[in-house]
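Input: a single structure, listed below in C-alpha cells.
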Amino acid sequence: MMAELTNEEIRVKVVEYLQTTDKAKNKDIAKAIGVDKKEATKAINELANEGTIEFLYLGTSYVTLAKK
C-alpha cells in the first residue's frame, strides 16, 4: 500500500509536474502524481490562492504555473 502524501508533499508534486508541461487538467495532474483527484484539487486551489499557479479557461479549465 502506498504511503499517504501530506498536503505539502502533494503541493510540491503539483508544482514539479507543472514545470514539465504548459498546462494540465486537475484529473491529469492527480493521475500523474498518483493521488486522489480530490486531494490534488485541494492542493491546486491552495496554490492558486497563493498565486503560485493560475487557472486557464480555454473552453475548459486548465492549471498552469503563474507567470512571474
- prompt: Do the side chain of E9 and the main chain of T6 share a donor and acceptor less than 3.5 angstrom apart?
  reply: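 Yes, because the side chain of E9 sits within donor-acceptor range (under 3.5 Å) of the backbone of T6.
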field: Donor-acceptor contact below 3.5 Å, side chain T21 vs main chain A24
entry: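 Pair absent, no side-chain N/O of T21 close to backbone of A24.
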field: L56: hydrophobic cluster co-members (side-chain, 4.5 Å)
entry: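 Hydrophobic cluster check, L56: joined to L58, Y62.
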message: If we check side-chain contact (heavy atoms from CB on, under 4.5 Å) with V14, which of these qualifies: L65, I44, T41?
response: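 That would be I44.
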Between [X] and [Y], is any pair of side-chain heavy atoms under 4.5 Å apart?
{"X": "I53", "Y": "T64", "result": "no"}
{"X": "V12", "Y": "E8", "result": "yes"}
{"X": "E46", "Y": "K42", "result": "yes"}

- request: Test E39 against N7 for side-chain hydrogen bond (donor to acceptor under 3.5 Å, both in side chains), laying out the working first.
  value: CA-CA 8 Å; E39 294 295 317; N7 187 51; over 6 Å; no
Minimum-distance pair of heavy atoms, taken over all atoms of A40 and I10: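 A40 and I10 have their closest heavy atoms at CA-CG2, 4.3 Å.
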task: Would you name the heavy atoms of A66 and G51 that are closest together and state the gap between them?
output: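 Scanning both residues completely, I find the closest heavy atoms to be CB-O, 3.1 Å.
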query: Around K25, counting heavy atoms of other residues, nucleotides and ligands shown, do more than 12 lie under 6.0 Å from its NZ?
result: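 Result for NZ/K25: enclosed.
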Atom [atom1] in [X], atom [atom2] in [Y]: separation rounded to 0.5 Å?
{"X": "Y17", "Y": "I33", "atom1": "OH", "atom2": "CD1", "result": "9.5 Å"}
{"X": "L47", "Y": "E54", "atom1": "CG", "atom2": "CD", "result": "12.0 Å"}
{"X": "L18", "Y": "T20", "atom1": "CG", "atom2": "OG1", "result": "7.5 Å"}

- request: List the steps and the verdict of side chain to side chain contact (heavy atoms under 4.5 Å, CB included) for K13 and L5.
  value: CA-CA 10 Å; K13 287 184 175 286; L5 295 175; 3.7 Å; yes
